[in-house]
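Notes for the one structure printed next.
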Number of protein chains: 2
Amino acid sequence: MTQLAKARKGMITSEMEMVAKKEQVDLQWLRNQVAEGRVVIPANFKHKGLDFCGIGEGLRIKVNANIGTSSDRAVLGEELKKLKVSIEAGADTVMDLSTGGDIGQYRRKILNESTIPVGTVPIYQAVVEAVNEKGGLIHLTVDKIFEVIETQAADGVDFITVHCGLTRAALEMLKNQGRVTDIVSRGGAFLTTWMLHHDKENPLFEHYDRLLSIAKEYDVTLSLGDGLRPGCLADATDRAQIHELMTLGQLTKWAWEKDVQVMIEGPGHVPLNQIKANIILQKQLCHHAPFYVLGPLVTDIAAGYDHVACAIGGAVAGEAGADFLCYVTPAEHLCLPNVEDVREGVIVTRIAAHAADLARGNKQAWERDRRMSMARKNLDWETQMRLVIDPQKAKQLRAENPPGEDDVCTMCGKFCAIKQVKEYFKA
Amino acid sequence: MTQLAKARKGMITSEMEMVAKKEQVDLQWLRNQVAEGRVVIPANFKHKGLDFCGIGEGLRIKVNANIGTSSDRAVLGEELKKLKVSIEAGADTVMDLSTGGDIGQYRRKILNESTIPVGTVPIYQAVVEAVNEKGGLIHLTVDKIFEVIETQAADGVDFITVHCGLTRAALEMLKNQGRVTDIVSRGGAFLTTWMLHHDKENPLFEHYDRLLSIAKEYDVTLSLGDGLRPGCLADATDRAQIHELMTLGQLTKWAWEKDVQVMIEGPGHVPLNQIKANIILQKQLCHHAPFYVLGPLVTDIAAGYDHVACAIGGAVAGEAGADFLCYVTPAEHLCLPNVEDVREGVIVTRIAAHAADLARGNKQAWERDRRMSMARKNLDWETQMRLVIDPQKAKQLRAENPPGEDDVCTMCGKFCAIKQVKEYFKA
């Protein structure tokens with residue numbers, strides 16, 4: 001039985017217990033959230049040694065790091081290093097998006113080493129194998145897609161992105177209205193190419209029941225993907241995007257009927273002033289299923305700093321109710337990220353998630369900031385360095401430019417404001 | 001006559017002409033905005049070779065970079081380099097916050113080399129000289145404060161931060177209610193120490209007329225400082241802060257009566273969910289004078305990445321109506337920034353300002369993003385590299401990890417989504 005099935009029957013699982021303890025929330029409340037589909041706990045029965053993680057309404061906002069090879073760069077050791085630094089930097093989940101090298105082997109290695117939930121996009125492997133084995137993605141068969149999904153589920157993948165809402169009707173809408181960047185989702189592009197070539201419906205939509213039965217068997221959480229997410233600000237919140245989202249809302253209910261856990265993926269490139277509306281729309285149309293946002297990036301021109309554009313959008317999305325932020329690295333739109341890019345991407349996205357947690361009144365978040373601020377007032381650098389988001393970088397910066405007096409910093413030196421007024425404001 | 005005086009008389013100045021042209025706004029509308037105090041053009045009569053810049057409602061959001069020495073580190077050459085990279089990276093103004101070395105000489109050098117408006121906090125020099133010459137800031141005299149202000153104005157400083165609203169009444173409020181971090185503004189701490197020691201009112205408040213007559217003589221724009229800005233999230237939007245803001249609203253009207261241009265400085269450390277309220281409050285209490293925000297930082301724990309915490313807060317503040325963002329660098333709370341920190345601080349804050357400009361519907365901003373996105377769709381890397389916020393970093397990242405095929409990148413390699421669906425969505 002899936003977490004959802006058990007929660008509905010009133011059962012408390014060890015997964016729920018661990019999540020409730022980490023989040024300091026009431027166990028019965030959490031069980032109810034899972035039962036209502038508002039919280040998912042992605043935990044494939046086959047993934048051993050997993051540090052369980054809850055995603056959804058009322059919990060701390062989670063951060064995902066994308067790792068994985070590409071056709072241009074496929075070095076397993078690098079991807080395992082990215083996994084390690086992601087976990088160290090505070091990622092709650094990783095997705096293995098490999099499209100180069102021995103994808104199956106890499107995934108099993110990553111699953112074996114990961115203590116946090118692992119997600120994938122199975123259509124990638126299905127397409128890469130169709131291209132390598134048969135010379136083109138148009139040779140991909142429906143059976144092949146589901147074989148790959150079944151294999152990945154059996155390997156222990158905790159959640160999978162499946163672009164089930166990218167229907168012919170949505171594509172028709174996209175074609176009629178026009179767009180600046182058309183389709184930028186890789187999975188979305190694969191499916192579109194296949195659908196248009198064969199003049200057929202999206203197999204992940206048409207055979208959704210087949211998908212649900214695999215997901216149910218292993219308790220794989222479905223992350224219903226947004227293949228038509230906007231790839232630039234000008235395309236945001238258009239008919240194609242919203243049509244797909246409405247379909248995902250319908251598919252959410254169908255999944256719940258089969259006891260399958262679901263979350264919804266969201267945009268993309270979105271202007272700051274449209275983010276809140278996008279979150280409200282998702283929460284309403286998808287019946288409060290957890291919302292997993294890819295960004296949103298608040299400008300198209302920040303390549304090299306898209307992690308910052310993403311942090312701005314992610315924080316605002318989180319405040320408005322998004323539950324799960326997919327990181328973006330400085331390499332986005334330019335190249336496959338290296339290990340350092342991954343580290344920076346995770347930390348910066350964690351800052352966004354934390355800022356949103358604070359805005360949402362999360363008590364643990366407020367307690368940490370208060371303790372940090374007390375340490376700052378007391379010029380207690382040791383405690384500050386323990387509570388800061390990235391002690392390694394903070395210590396390094398301070399060491400590179402050490403102050404004349406130990407208790408201050410070189411910004412203000414002996415004219416430190418806090419030090420000056422200390423005696424006047426003694427408690 | 002100041003820009004404000006001329007605007008009120010219906011005169012069009014060359015400063016207004018340059019600003020209107022750069023911003024692509026109607027000249028009469030701009031003159032009216034200046035006349036109503038909603039836009040300032042900081043331009044000291046004595047500062048020659050200035051590229052005029054308008055700050056306020058209806059204009060592009062501006063970014064300030066703080067440079068300057070400290071008692072622990074005072075190397076003029078470094079500060080001039082920071083000035084250079086700030087301008088190159090897109091800063092609209094700089095503030096020279098020097099408190100170490102020959103402050104007067106450094107300021108004159110910076111003014112001489114700066115093509116963008118230069119701001120200062122005169123109380124810094126006044127206090128540093130009192131400490132160095134007389135052994136303590138308590139020996140600072142009221143005349144000394146105004147002498148320094150007069151000197152700086154005569155040197156050509158375009159805008160000055162003056163903490164005129166930090167009154168005894170506001171301090172009393174702070175003492176009564178208590179705070180986690182008391183006072184974190186350097187200028188605020190200097191004035192508080194002096195006021196409490198001498199049991200006197202803030203001289204910048206008490207002798208506000210004397211300040212106004214200097215400001216009027218040189219057309220120095222007053223940036224009414226927030227000496228009681230919150231230094232941590234827990235202290236945000238408290239009685240002390242709001243009391244000071246209310247006083248600044250009153251002082252704004254007095255300045256306008258004397259034809260002096262005014263902007264208002266704002267917090268500080270503010271939780272994401274309180275930012276909009278802070279902007280609305282400032283705009284109402286201060287009669288729509290331009291709002292210059294110092295951050296806001298949306299968490300206390302991001303030292304090492306406070307430029308990101310600032311970008312999140314700055315973007316949200318900008319969307320809500322803030323007109324001018326003071327950058328924060330990765331060195332904030334740790335040490336005096338180096339040249340690279342300054343560069344990164346400016347670029348990241350520019351991203352925040354741009355994201356807010358987009359949210360506010362700025363046409364120039366939308367046009368740039370649209371052109372970037374068209375280039376992305378066309379796999380036109382040359383145009384992308386011209387339109388990106390920091391071509392240097394984008395080119396470097398791409399070069400470090402070059403793709404197998406020139407038209408894509410190593411993220412997706414030959415599985416590039418855009419390339420795949422291109423033929424299906426030909427215009």
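Convention: sequence-line order gives letters A, B, ...; per-chain numbering from 1. If you're wondering where the values come from, they're calculated on a predicted model, not measured in any experiment.
Contacts of Val388(A) with chain B are made by both backbone and side-chain atoms, with heavy-atom separations under 4.5 Å. Of the atoms belonging to Thr192(A), it is side-chain heavy atoms, and not backbone ones, that fall under 4.5 Å from chain B. Only the backbone of Ser185(A) comes within contact range of chain B, with heavy atoms under 4.5 Å apart. Contact of Leu397(A) with chain B is made through backbone and side chain together, with heavy-atom distances under 4.5 Å. Contact of Arg350(A) with chain B is not made at all, since no heavy-atom distance falls under 4.5 Å.
Taken to the nearest 0.5 Å, the CG atom of Asp390(B) stands 4.0 Å off from the OH atom of Tyr305(A). Here the straight-line distance linking atom CD1 of Ile351(A) with atom NE2 of His307(B) works out to 8.0 Å at 0.5 Å rounding. Note that CG of Asp182(A) is 4.0 Å distant from NZ of Lys377(B), once rounded to the nearest 0.5 Å.
At distances below 3.5 Å, not a single donor-acceptor pair connects side-chain atoms of Thr299(A) with backbone N or O atoms of Ala355(B). The closest donor-acceptor contact from the side chain of Asp369(A) to the backbone of Asp300(B) lies under 3.5 Å. With hydrogens and angles disregarded, no donor-acceptor distance shorter than 3.5 Å links the side chain of Thr181(B) to the backbone of Ser373(A). A distance-only check finds no donor-acceptor pair linking the side chain of Arg73(A) to the backbone of Asn401(B) [under 3.5 Å]. Asp72(B) contributes no side-chain N or O that, together with a main-chain N or O of Pro403(A), makes up a donor-acceptor pair within less than 3.5 Å.
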Residue pair Met411(A), Glu332(B): steps toward the side chain to side chain contact (heavy atoms under 4.5 Å, CB included) verdict: CA-CA 8 Å; Met411(A) 172 76 93; Glu332(B) 186 76 16; 3.4 Å; yes
With side chain to side chain contact (heavy atoms under 4.5 Å, CB included) as the criterion, how do Arg370(A) and Val180(B) come out once you've worked through the C-alpha distance, each side chain's angles and the decisive distance to 0.1 Å? CA-CA 8 Å; Arg370(A) 177 178 282 273; Val180(B) 174; 3.5 Å; yes
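The greatest number of non-hydrogen atom pairs below 4.5 Å with chain A, out of Arg398(B), Met372(B), Arg186(B), is found for Arg186(B). Chain A forms more heavy-atom pairs under 4.5 Å with one residue of Ser71(B), Gly413(B), Pro330(B) than with any other, namely Ser71(B).
Annotation: side chain of Gln420(A) is in contact with side chain of Leu137(B) (closest heavy-atom distance under 4.5 Å). By the 4.5 Å heavy-atom criterion applied to side chains, Trp381(B) and Leu334(A) are counted as neighbours. A 4.5 Å side-chain heavy-atom check between Phe415(A) and Phe190(B) finds at least one atom pair inside the cut-off.
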